[in-house]
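Read the structure below first, then the notes.
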Amino acid sequence: MLQADAFGPGKLYAAPGNPGIARHAELVALDATDHAATIGFCDAHSVGLVVIGPEAPLVDGLADSLRGAGVAVFGPSKAAAQLEGSKGFTKDLCERAGIPTAGYARVRNETDALAALRRFGAPVVVKADGLAAGKGVTVAMTMGEAEEAVREIFSGRFGEAGAEAVIEEFMEGEEASFFALTDGASILAFASAQDHKRVGEGDTGPNTGGMGAYSPARVLTPTLEGEVMTHIIAPTVRAMAEEGTPYSGVLFAGLMLTAQGPKLIEYNARFGDPETQVMLARLESDLGELLLACAGNRLATMEPPRFSAQTALTVVMAANGYPGTPDKGGLIEGVDAAEATGAQVFHAGTARDASGALVANGGRVLNVTGRGDSVTAAQGAAYAGVDALAAPSLFCRRDIGWREVAREAE
Ligand code: AMP
Ligand code: GLY
């Protein structure tokens with residue numbers, strides 16, 4: 001939560017926050033599912049802007065409750081957050097608006113799902129419709145894997161999120177992420193990034209929330225970025241407005257750069273993790289002003305955000321065991337030493353133990369971010385920071401940025 005200078009003493013609250021943001025914000029133990037308590041806190045502290053970070057409270061309608069109580073919010077309404085909350089909703093919207101994406105079928109039971117699989121053939125992609133904490137997607141190389149994924153979804157593994165599924169045509173290409181700010185009418189391109197989703201080096205092993213990222217994504221050339229704005233982002237914002245559910249906030253488009261041009265893989269209704277760590281490391285404009293302009297429906301009056309031409313690259317330090325059950329409580333030392341190298345250390349799953357020591361408290365624990373004039377230089381800066389840490393319960397990939405580093409070596 002952000003209370004911008006324009007609205008008062010310039011105080012920042014974070015709920016729940018962690019020891020990293022505690023250097024900048026006052027931590028508050030707010031239950032975001034308790035809308036009345038959240039509104040009460042905002043009233044009591046004259047909060048000028050609430051930035052809703054994760055998808056769950058957006059899909060739960062926290063933005064609507066806050067706006068209804070007169071609190072300025074950055075983030076979409078419950079209806080608009082369906083762009084992340086329901087994969088089927090987004091696919092139908094793409095079809096109505098002519099937005100390039102993979103062919104698909106929405107299915108509500110195993111029989112229909114298996115029939116759709118036979119129509120598509122392998123490879124094929126199977127997705128639980130709703131929010132499944134990043135675990136609801138199977139890219140199946142064989143029919144057997146696809147059938148297994150279908151059975152898993154309809155066996156109830158994902159609860160409500162798996163009451164429905166989407167079967168999708170498999171798309172080939174390189175992935176990139178693109179972010180745009182919108183107040184529902186105006187749109188400003190924000191930035192691009194690429195992440196590494198697999199836990200293992202060489203992009204192997206199980207999927208994670210992201211083991212590292214860099215920005216900008218050079219594969220998303222200015223020409224391709226223009227195509228994404230024209231054929232994907234703008235028609236989405238227009239269709240949402242025309243259908244009475246204007247989308248306000250940041251649109252995070254997961255893209256596949258196919259031989260036929262960029263196609264939408266999925267939308268998220270929020271900033272990405274760890275994409276945000278690298279985009280904000282390059283941002284030169286005032287983020288608070290941009291978010292306030294979105295919340296206040298005056299994005300049209302804003303200059304486009306300015307970014308450093310440098311590359312930022314972040315390496316995720318995850319707790320041993322991640323993406324399975326992560327070890328918690330491991331001591332983390334050397335954060336100051338890491339920052340003394342020039343790297344920036346963002347906290348994710350960290351906590352203080354009873355003695356005040358910094359410890360691991362989640363799957364992805366730290367993001368060590370470096371900057372440089374090339375991806376290779378940014379990578380070197382990030383790993384210099386990583387190497388200054390002393391945290392034996394954490395691990396990282398040593399090859400974040402490898403695609404670009406290989407291209408730069410050509
Ligand atoms: P999603 O949660 O929809 O972004 O999917 C997670 C990951 O699955 C994506 O980042 C892609 O790597 C992959 N994926 C999703 N949909 C497709 C598709 N239609 N074709 C190929 N890969 C896909
Ligand atoms: N890194 C992908 C996400 O934030 O969903």
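In this text, all values refer to a predicted model and were calculated from it rather than measured experimentally.
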Exercise. Where do Leu331 and Leu358 land on the side-chain contact (heavy atoms from CB on, under 4.5 Å) test, with the steps shown first?
Worked result: CA-CA 6 Å; Leu331 191 63; Leu358 190 66; over 6 Å; no
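- Salt-bridge check for Asp273 with Arg364: passed, with a basic side-chain N closer than 4.0 Å to an acidic carboxylate O.
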Problem set entry | Candidate pair Asp387 and Arg398, rule salt bridge (Lys or Arg N to Asp or Glu O under 4.0 Å), full reasoning | CA-CA 11 Å; Asp387 291 338; Arg398 299 291 317 187; 3.0 Å; yes
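- Using a 30° and 60° split on the angle between ring planes, His196 and Tyr214 fall in the tilted class, from 30° to 60°.
- Salt-bridge annotation for Lys127 and Glu266: absent, with no side-chain N of the basic residue lying under 4.0 Å from a carboxylate O of the acidic one.
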Problem set entry | Check against side-chain contact (heavy atoms from CB on, under 4.5 Å), Tyr267 and Thr90 | CA-CA 8 Å; Tyr267 275 128; Thr90 300; 3.8 Å; yes
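- Within 6.0 Å of CD in Glu284 there are more than 12 heavy atoms belonging to other residues, nucleotides or ligands.
- Counting non-hydrogen atoms of other residues, nucleotides and ligands closer than 6.0 Å to CZ of Arg352 gives a total above 12.
- In this model, no donor atom of one side chain and acceptor atom of the other lie less than 3.5 Å apart for Tyr322 and Asp327.
- The two residues Pro305 and Phe190 have their closest heavy-atom pair at CG-CD1, 3.9 Å.
- Checking side-chain atoms of Asp203 against main-chain N and O of Arg198 turns up no donor-acceptor pair under 3.5 Å.
- For an aromatic pair to be called close, the ring centres must be under 6.0 Å apart, and Phe41 with Tyr13 satisfies this.
- Scanning all heavy atoms of the two residues, the minimum distance from Ala63 to Ile52 falls at N-CD1, 3.7 Å.
- Partners of Glu84 under the side chain to side chain donor-acceptor pair (under 3.5 Å) rule, at least two apart in sequence or in another chain, are Arg270.
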Problem set entry | Check against salt bridge (Lys or Arg N to Asp or Glu O under 4.0 Å), Glu339 and Arg23 | CA-CA 14 Å; Glu339 297 215 301; Arg23 289 192 294 180; 3.4 Å; yes
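- Val316 approaches Cys396 most closely through the heavy-atom pair O-CB, 3.3 Å.
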For this session: With side chain to side chain donor-acceptor pair (under 3.5 Å) as the test, would you mind laying out the steps for Asp129 and Ser86 before giving the verdict?
Result: CA-CA 5 Å; Asp129 183 75; Ser86 166; 2.9 Å; yes
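- With respect to the salt-bridge test (charged N to carboxylate O, under 4.0 angstrom), the residues Asp92 and Arg106 qualify.
- Around the CG atom of Asp336, the shell of radius 6.0 Å holds no more than 12 heavy atoms that belong to other residues, nucleotides or ligands.
- Between the Thr258 side chain and the Pro262 main chain, no donor and acceptor come within less than 3.5 Å of each other.
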For this session: Give the intermediate values and the outcome of ring-ring contact (aromatic ring centres under 6.0 Å, His included) for residues Phe178 and Phe252.
Result: CA-CA 6 Å; Phe178 182 72; Phe252 165 0; over 10 Å; no
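- Nearest heavy-atom pair across Arg67 and Pro76 is NH1-C, 4.2 Å.
- At a threshold of 4.0 Å, the pair Arg407-Glu410 does not count as salt-bridged, since none of the basic side-chain nitrogens sits closer than that to a carboxylate oxygen.
- Contact check on Lys87 versus Glu168 returns no salt bridge, with no Lys/Arg side-chain nitrogen under 4.0 Å from an Asp/Glu carboxylate oxygen.
- Side-chain contact, Asn367 with Thr369: no donor N or O sits under 3.5 Å from an acceptor N or O.
- Neither side chain, His35 nor Asp64, offers a donor N or O lying under 3.5 Å from an acceptor on the other.
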